[in-house]
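Since the model is a prediction, treat every value here as computed from it, not as a measurement. Counting from 1, the numbers follow the sequence of the chain as shown.
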Amino acid sequence: MFHELFNRKFGVETIMVDMTDLDAVKQVITPGTRLVHIKTPDNPTNGVTDIEAIAKIAHENGALLSVDNTFASPFNQKPLELGADFVVEALTKFINGHGDAQGGAIISNDLETMDRIRYEAQVNVGSVISPFNAWQIFRGSVTFPLRMQRINESSQKIAEWLEQRKNVTFVSYPGLKSNPGHELAKRQMKNGYGGVISFGVDTDDKTVERFCAALKVVTFAVSLGHDESLIFPQPSYDERINLYPEKFRKGFIRFSVGLEEPKDIIADLDQALNAIGL
């Protein structure tokens, strides 16, 4: 979308940069920059970006800041209170929470900004959610706070267990003290650290797939934020993995924690690791 549609069709230049590196952001921003867009924690490595600091950089240069809040969810993080101009929420994920509807929301404190977005996205582009999807998401949102609290608690326990498990090469979760963004996450994620854990195992792609297939409680699927736990590997032949720091490039697995008992999830991960000799 950024490189093909926006650039070639509309002449909009996009610069990709590590948003956790404030100096790198300052170096690439220009007088022509109109929008700075971040995702924190990021997908899939769980890097944590300083929303307040990036907002200051953007505003000092006449740009707006948008924040993709998918991994944190509005239960854990409120970017508008940290200086963002608008926030993007994936209604498909934790807010719906049942893996049966697709939708998204753009939210702002500025009514003028919202009117522009509403007109340009809905009227000009036609990005309007279907009534049935809207109803399903509304239904799921009623239990969202309770689900998110449970997911936060379970994810912390599972991340701590994974960190102690032999042959697990890394665990990236904002709630772990070992995560470089932990102290920042404590400041801007008020209620918990979300339901996505990234971790690695010391083996090849085929063995990682065998591990995922050996799971009995956790489902081998690509999405996240559902009531059931979902797991999906990032194979080394996927060129996108070269964008990650070196430690994330072997045996990378993204794990979305669901509502099952954490002890059952841990037991399932344990038996599947044992099944592949790890």
Side-chain angles (χ1 to χ4, degrees), residues 41 43-46 70-73 75-76 90 92-102 136-137 139-176 178-179 191-235 248 250-278:
N43 182 9
T45 61
N46 265 320
T70 299
F71 269 33
S73 88
F75 181 78
N76 292 323
T92 307
K93 313 300 185 185
F94 293 107
I95 295 173
N96 173 45
H98 292 79
D100 57 6
Q102 288 188 315
Q136 287 178 296
I137 291 165
R139 169 219 56 189
S141 69
V142 175
T143 59
F144 164 61
L146 293 174
R147 288 187 287 99
M148 207 66 230
Q149 184 176 6
R150 163 76 172 215
I151 287 170
N152 284 338
E153 294 170 356
S154 297
S155 298
Q156 186 70 34
K157 293 177 183 178
I158 295 164
E160 290 173 359
W161 177 83
L162 280 168
E163 200 168 39
Q164 301 302 315
R165 185 61 162 75
K166 66 177 182 179
N167 296 319
V168 172
T169 54
F170 71 86
V171 183
S172 185
Y173 182 69
L176 295 176
S178 59
N179 188 296
N191 292 324
Y193 302 104
V196 180
I197 304 168
S198 297
F199 67 98
V201 290
D202 188 16
T203 189
D204 56 58
D205 291 343
K206 288 187 177 180
T207 307
V208 170
E209 290 185 8
R210 283 176 48 222
F211 159 72
C212 293
L215 292 163
K216 299 175 181 178
V217 175
V218 178
T219 301
F220 188 2
V222 73
S223 194
L224 59 97
H226 295 196
D227 51 342
E228 59 184 333
S229 295
L230 306 176
I231 200 163
F232 198 79
Q234 178 97 48
F248 295 116
K250 181 182 180 183
F252 186 98
I253 298 168
R254 191 187 72 180
F255 181 41
S256 172
V257 177
L259 299 178
E260 304 92 346
E261 283 288 340
K263 62 182 176 62
D264 292 339
I265 297 173
I266 288 171
D268 195 29
L269 293 170
D270 190 48
Q271 68 82 18
L273 286 168
N274 289 333
I276 61 168
L278 295 179

I'd like to know if the side chain of [X] reaches the main chain of [Y], judged simply by a donor and an acceptor atom lying under 3.5 Å from each other, with no hydrogens or angles considered.
| X | Y | answer |
| --- | --- | --- |
| Glu228 | Leu259 | no |
| Ser155 | Ile151 | yes |
| Asn179 | Ser172 | no |
| Ser256 | Val196 | no |

key: Crowding at CD, Gln271 (>12 non-hydrogen neighbours, <6.0 Å)   = yes
Residue pair Asn152 / Asn76, side-chain donor-acceptor N/O under 3.5 Å = yes
request  = Indicate the atoms forming the closest heavy-atom contact of Pro41 with Asn46, along with that distance.
outcome  = CB-OD1, 3.4 Å
[X] side, atom [atom1]; [Y] side, atom [atom2] - distance, nearest 0.5 Å:
| X | Y | atom1 | atom2 | result |
| --- | --- | --- | --- | --- |
| Asp204 | Glu209 | CG | CD | 9.5 Å |
| Met148 | Glu153 | CE | CD | 11.0 Å |
| Gln149 | Thr143 | CD | OG1 | 12.5 Å |
| Leu224 | Ile197 | CG | CD1 | 12.5 Å |
| Ser141 | Ile95 | OG | CD1 | 8.0 Å |
| Arg254 | Leu230 | CZ | CG | 8.5 Å |

query = Should Phe71 and Asn43 count as side-chain neighbours, where that means a heavy-atom distance under 4.5 Å?
reply = yes
ask   = Below 4.5 Å, heavy atoms only, C-beta onward: do Ile265 and Leu269 meet side chain to side chain?
value =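 Yes, close enough: below the 4.5 Å cut-off.
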task = Return the orientation label for the Phe255 and Phe199 ring planes: parallel under 30°, perpendicular over 60°, tilted otherwise.
result = perpendicular
inquiry  = Can you classify the ring geometry of Phe170 versus Phe252 as parallel (below 30°), tilted (30 to 60°) or perpendicular (above 60°)?
reply    = tilted
key: Results of side-chain hydrogen bond (donor to acceptor under 3.5 Å, both in side chains) for Glu160 - residues two or more places apart only   = Gln156
key: Asp205: salt bridge (charged side-chain N to carboxylate O under 4.0 Å, His left out) partners, not counting sequence neighbours   =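 Asp205 satisfies salt bridge (charged side-chain N to carboxylate O under 4.0 Å, His left out) with no residue once adjacent residues are dropped.
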request  = Test Tyr173 against Ser178 for side chain to side chain contact (heavy atoms under 4.5 Å, CB included), laying out the working first.
outcome  = CA-CA 9 Å; Tyr173 182 69; Ser178 59; over 6 Å; no
ask   = Is any NZ, NE, NH1 or NH2 atom of the basic residue among Lys250 and Asp202 found under 4.0 Å from an Asp or Glu carboxylate oxygen of the other?
value =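 Answer for the salt bridge query: yes.
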